[in-house]
Structure formats: C-alpha cells, structure tokens
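Taking it in order: structure first as structure tokens, then the write-up.
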There are 2 protein chains.
Amino acid sequence: MPYLRLRRRASLRSMHSVDATDARILRALAVDPRRTVVALAQELGLSRNTVQARLARLEQHAFLPFDRRINPASLGYPLLAFITVHVQQRQLAEITEEIARIPEVLEGHGLTGTADLLLRVVAVDAEDLFRIHGKILAIEGVDRTDTALAMGELIPFRMDPLLERGPRTPN
Amino acid sequence: MPYLRLRRRASLRSMHSVDATDARILRALAVDPRRTVVALAQELGLSRNTVQARLARLEQHAFLPFDRRINPASLGYPLLAFITVHVQQRQLAEITEEIARIPEVLEGHGLTGTADLLLRVVAVDAEDLFRIHGKILAIEGVDRTDTALAMGELIPFRMDPLLERGPRTPN
DNA sequence: CTGAAATTGAGCACAATGCCCTATCTGAGG
DNA sequence: CCTCAGATAGGGCATTGTGCTCAATTTCAG
C-alpha cells in the first residue's frame, strides 16, 4: 500500500497564513473596503482570478466577523470602559457565562497575572456604566472588580504597521 | 434678510445615530458581510433604494475602518497581551507618540483610575512580547508597566446583543 | 529536473450597481 | 388639522462586477 507523499509545496490553502501579496490586498481594502475585485486586481497588477481566489481564502481564514466594524457610539453607547475582574478561579466558567449575559460586554479575555478577566464594556452614560458594573459585581464568585473608563483612544485601532512590514517578520 | 428656518424633522443624516431598521441591516450583515444590497432589501422587506441609502449613511457614520476585521493571528501574531502603562502625566503626549511607533501596538486607550494607558499588543511569540515590553518600558517618562497575556477569548467580540435590543434603550 | 500549486487570460450568462425620476407615505412643527 | 421636508417605494436603464469555467503558463520546493 503506497504511503501518501508529503506535499511538495506548502499549499496556502492548508496553512492559514497570509503572504505578502495578501497583505497588499488587505492594505488596499483598508483604504476602501468597498473596492471591487476588478479594481483591486488592476491596482495591484494581478489577474482578477488571483485576487478573487485570495479574497475567498482570506474571508475564510483571516477575516474576523463583521461585528467589529460597527461603532458602538453610533448605536448610542458612547462610553467605553475596561473592567478587570478577580474571581474564584474554580467558578470561572459559570462566571463567564453570567457575564456573557450582559449585552454591554463586547469582549472578554482570560488573563495571566493578578487579574483574571478583562472586559471591554460600553455604556450609554455614567449611570448606565455604574449599573452594569453592579451587575458584574453581584455575580456569585466575583471577588473584586476594577473599572477604568476610557477617556480617549490615544492610539486608534490600526493594523497597517503590521501589514506594511509584511507577515511574520519579528525584530 | 430671511433667517434660516429650523429643520422640521431631525434628519437622520445629521444625527449620526442608528435606528431600528439600521440595526436590522447590521444584524443581517453580521451574518454574512457579503450580502448584496438586493438580497438585503428582499430579506428585510425594504426597497432597494432605502437599503442603498441607509448603507451609504452607515458606511460614513457607523462603520469603523476595515482594519478591525483582520485577524492578527493569520498575520503571524498569535499572541495577544494587554499592557497597562503608568506614565509621567505631563509627558503623556510624547510617550503616546513613542508607543505609537511600535507596530505591534494595535490600540491604545487613555484611562481613568490608577493606570494611565491600556495597550492592546500582539506578538509572534513570548520572546517577541518580551522585546516589545522592553521597548515600552525604555521610553522616557514611562514609570511602570504591567503585562497581562490573554490566555483565551472567553467572550468573543460581539455586538449582536446590543443590535438585538435596538439602539439606545438602557436598562 | 519534476510536478503540484499558483497565476493568468479569456469568455460568458447573469446579477448587482449606480444613477435617474416620480409617486406615495410619514410625522414633527406650526 | 394642515404643511412640508425627509423617507420610502417602484420603475427604468446603461454600465459594471460577479461567479464560474477552461486551458495555457509560470513558479518553486523537493
């Protein structure tokens, strides 16, 4: 029985990574997300087929859900806060589940170090934030919380410096 | 000279907010960002004109840059860390500028409370993160930093709970 | 050198877009 | 209750983009 031969050349389709060409596509999209495939191809000097294939792959492996492009402020939640939560470690799963029931919690990360959880929370106003904070603190197993209001996006979210550098090139 | 009359009805175009219909459009887009205008119109029971007009408005006022949909992991930066930075307040501007030069810093917020800055940082590996941490700590005016590695996205980013509830409806 | 993977160019039916226009509906202000 | 700006609907039309296929060519790790 013949054994399967190793792939001669690593298929980009199997390794979910992004090469320099993908990075160029991403940078172009960052400028204007509505650029058509045709426009991208022309702009980057690639064939439409190539761009289309790469975009399809990117959509599957490199794109996060669309949610992230929605501005909470335009939904009526202009306040942003980061809440760190200290919990009884062994109840972490249940606590996370409870916290996830709070709509204003947009994102939650488990952390190393002193804190256990870092939550990204939005609110309508200060009073609203206070209410949300209370809901979190009231959860069984939550020991302590620490709320920090974001006063300004000093460094607005960006990915361009990494795209510019090209993928996977440390130091 | 005739004075300008006040607008009779607040134009959605001037108030950058999102109404319930917009929220429905956003939710549909969240399911599949590639939905066409025609498909959206049919699905929501609206005319193509309406959807097209609303989308154009949303694109201007409610959508954040495309960057946010790019997964840093697929660019070769699988590590995510949150670094809180304590600084000499009066040098905040210069320090922010210095930090902004570090490509791996994706996002930086000025905070109330004990810490001054919260940075979202990605890295290739632990060693890489250590290096980045060192760069930040070396900046003139930075007093102390506190690095917390994100071990898991316990609550993945989401906006749906807020969209579902409809805009601006606290408690 | 070899061959799988990637890219290219070309073609084609179909769908979507970007506009345009007019008619109707809606609701806050007077 | 009336008015009117703004929103929606529906129709049309030229242009463009998409999704898909196929065969030829290029690229590059083994």
Which whole-number value in Å describes the distance from [X] [atom1] to [N] [atom2]?
X	N	atom1	atom2	answer
A:Leu55	C:dT7	CG	P	12 Å
A:Asp22	C:dT7	CG	P	8 Å
B:Leu40	C:dA15	CG	P	17 Å
B:Leu46	C:dT24	CG	P	20 Å
A:Asp19	D:dA29	CG	P	13 Å
A:Asn49	D:dG17	CG	P	15 Å

NZ/NE/NH1/NH2 to OD/OE distance under 4.0 Å, A:Glu43 and A:Arg35:
yes
Test: B:Arg158 and A:Asp67 ion pair at under 4.0 Å:
no
Could you tell me whether the side chain of A:Arg48 has a donor or acceptor atom within less than 3.5 Å of a complementary atom in the base of D:dG19?
yes
Expected output: side-chain [X] to main-chain [Y] donor-acceptor under 3.5 Å:
X	Y	answer
B:Asp116	B:Val87	yes
A:Arg27	A:Asp160	no
A:Arg48	A:Ala39	no
B:Arg68	A:Leu64	no

Taking only side-chain nitrogens and oxygens of B:Thr50, does any of them come within less than 4.0 Å of OP1 or OP2 of D:dA9?
yes
Give a yes/no answer on whether the side chain of A:Gln52 brings an N or O atom under 4.0 Å of OP1 or OP2 in D:dG19.
yes
Which of residues 25-38 of chain B have a heavy atom under 4.0 Å from DNA chain D?
B:Arg34
